[in-house]
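Here the structure comes first, spelled out in structure tokens, and everything after it is commentary.
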Amino acid sequence: MNWTFFHKLGSPKWFYEISGKWLPWLAILAALLMASGLIWGLMFTPPDYLQGNSYRIIFLHVPTAFLAQAIYVMMACAGVVTLVWKMKLADMALKCCAPIGASFCLLALVTGAIWGKPTWGTWWVWDARLTSMLILLFLYMGVIALRGAIRNTNTAAKACAILTLVGVINIPIIKFSVQWWNTLHQGATLKLTEKPSMAPEMLWPLLISIAAFYLFFTVVLILRLRTEILDRERRTKWVHKIVAAGAGN
Amino acid sequence: MHLTDRFLRDNDLLEVAKLGCERDDRVLFSNLSIQLSPGELLQIEGCNGAGKTTLLRVLAGLSGDYRGQVLWRGQKLSRVYADFRLSTFYFGHKPAVKTELTPVENILWRSRLRNESYTDQFVFSALEQVNLAGYEDIPCGQLSAGQHRRVALADLALSATPLWILDEPFTAIDVDGVGWLEQLLARHIENEGSVIMTSHQSLSKLSDRVRKLRLENFRVSDEDEIHDDSEAWL
Amino acid sequence: MSAASLEGSKAFVELVKRDLVLAFRTPGQTLNPVAFYLMVASLFPLGIAPEKELLSQLAGGIVWIGALLAVLLSLDSLFRSDQDDGSLDQLLLSPHPLPLLVLAKISAHWLTTGVALIVMAPLLALMLHLPTQAFPALMLSLLLGTPLMSLAGGIGAALTVRVQRGGILLTLLSLPLYIPVLIFGTGAVQTAVEGMSYSGHLLWMAALLMLGLCLAPLAIAASLRIVADG
């Protein structure tokens, strides 16, 4: 099989050019969706009959929690591409994803705690989901710290790829074990999100904000990736051209 | 013509084409080509930081972060690692001698990892050659740095591998030791073995079999540093 | 051709033997984690309360946390001493499969650390008033859990072997891997204290141990080769 197409896909230069064209449209779309989802969710949906207005934090909490997990899986996929095809762009994506994922993870934890205060009466409950999210934050921190500790770029790339792969195998084990531990110790707990029982007038704005957050993540990732590409490719002709053109303006 | 080409290729033990290496954004060497046949000694020279050790680590298969091609007996190194490792002895910067173990024990574990095994008698005679007679059962922690290197050299003398990759083998060795090591290298070359080594030592006894390779310090100038657009990672 | 005459089992035995001899000749270093284990476990009653009812509830968790921290403490030297004197390069250059040699190193690590922790466990459990019916659960869970911790921790140890003062990083990398082990381990002891069947926990630990035995040596070997680039 001919892999040239695949390698072209991974060419930083190609990505830099194409992403520059996409970026404004994606940013506009993300802003529009974010505004409509959040305004609809926070202002126009009816209050919950049990939790009143406090449930409205799900329009922030659920998307960030979704993304925190999805980004780690994405990083693992990028890790496979890094190890198997040695694609530079995949490693750059892995590197750029880690701080974004960690931030979403932290946001999910903070919004979860804020939601917990009116619902459970305390800021922190050792709920299965919150606990797994905390461990996920450790996983993110591990990847970021390992990247910082190894100086040689190519070595750090492969080491982080291995670490994310080990982590992604570990995530379902952690989720399962924490869930088991939680049911043993606390009996039935209040679930934060029970999607099937959610009313459609709440579900729609939630879906829109999830889509908006995914787009927001894409925009942030592209912005970071473009900077990372310029940094790593700083010794190539095309980057020199871009920099020279930028200096001339 | 074609036949002689084939013959030459088969005769090469190690063949390196267009080898390039970068560390920490610094080009250590690029476009390096080496051919090593049985019975040859390649001496690599260069200033500190010129990438001698990195080159040896690439050639020994310790480092995979390089551009270009390394062929072992005409085949890509990554395909014939097992055969390559059976045929190679690497003497590194650090001697790989455990301070808690005696010289004999050290040689035994090292040789076992290389899939070689010697009788005790054999090991004792090798230690005698490197002036360590009487130290056989003393933990290496009580020996000097030079003696640690001698333990590793005794292991080298015992090894039957055809390719020796030696990183500064003369360091911390006294005058007697230097003479002995030169003899050892000469004998290995006589037996159609090959050596790649870094050293500033002039090898007077083997001058006709020695080829030299000098690694220059790359100047960091813009012309050198700018690559073409289509550059693969590895 | 020559691969047929590779004697991997001999290299495996030689490496285990070498690491055991090294451990026996440096008893201070080998017993360090065990002493740490004892101290952690004896600090809990001092820090919380010496009451028998309370301690017997906490005993399983305390012994397990002590064991976990002791393994973490011992992991740093797993590959680092070999890296420091150049032996790691000889391991990487061996014609034998690297995962096999890694497994030998891990086995030796478990024999010198894990086994000592298991042997000490009943003593600590006695001091912490663990109910007698939970002793077998504690021993069995440690028997399955300590090799698993050696295997999983080996990945972090390999990735950080060339990092100066990589101890904290190693802890950060290993901790998420240890959480399932800790949960199943303490869970087994706790269910045994409550007089219920704990075989489910042990079976899960056994399954994880199998997973670790299959995958960890490969991951460790790959990590060691990667970080050899410096």
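Throughout, protein chains are lettered first and strands after them, A, B, ... in sequence-line order, and every chain is numbered starting at 1. Note that these values count all heavy atoms, side chains included, but never hydrogens, waters or copies made by symmetry. In this text the structure is predicted, and so the values were computed from the model without any measurement.
For residues 96-109 of chain C, the salt bridge (Lys or Arg N to Asp or Glu O under 4.0 Å) pairs, not counting sequence neighbours, are C:D19-C:K105, C:D82-C:K105.
Here the CG-CG distance, from B:L55 to B:L19, works out to 6.5 Å after rounding to the nearest 0.5 Å. With rounding to the nearest 0.5 angstrom, the OG1 atom of B:T99 is 6.5 Å from the NE2 atom of B:H148.
Of the listed residues (C:L15, C:L92, C:L101), the one with the most heavy-atom contacts under 4.5 Å to chain B is C:L92. Note: C:D84 leads C:T26, C:D84, C:V21 in heavy-atom pairs under 4.5 Å with chain B. Chosen from C:P97, C:A11, C:P95, the residue pairing most often with chain B at heavy-atom distances under 4.5 Å is C:P95. Chain C forms the most heavy-atom pairs under 4.5 Å with one residue out of B:H93, B:E105, B:R114, B:K98, and that residue is B:K98.
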Evaluation steps, side-chain contact (heavy atoms from CB on, under 4.5 Å), between B:Q69 and B:E15: CA-CA 8 Å; B:Q69 214 171 28; B:E15 191 185 338; over 6 Å; no
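In this structure, C:T113 has no side-chain hydrogen bond (donor to acceptor under 3.5 Å, both in side chains) partners at least two apart in sequence or on a different chain.
The contact between C:L91 and chain B is made by backbone and side chain atoms together, counting heavy-atom distances below 4.5 Å.
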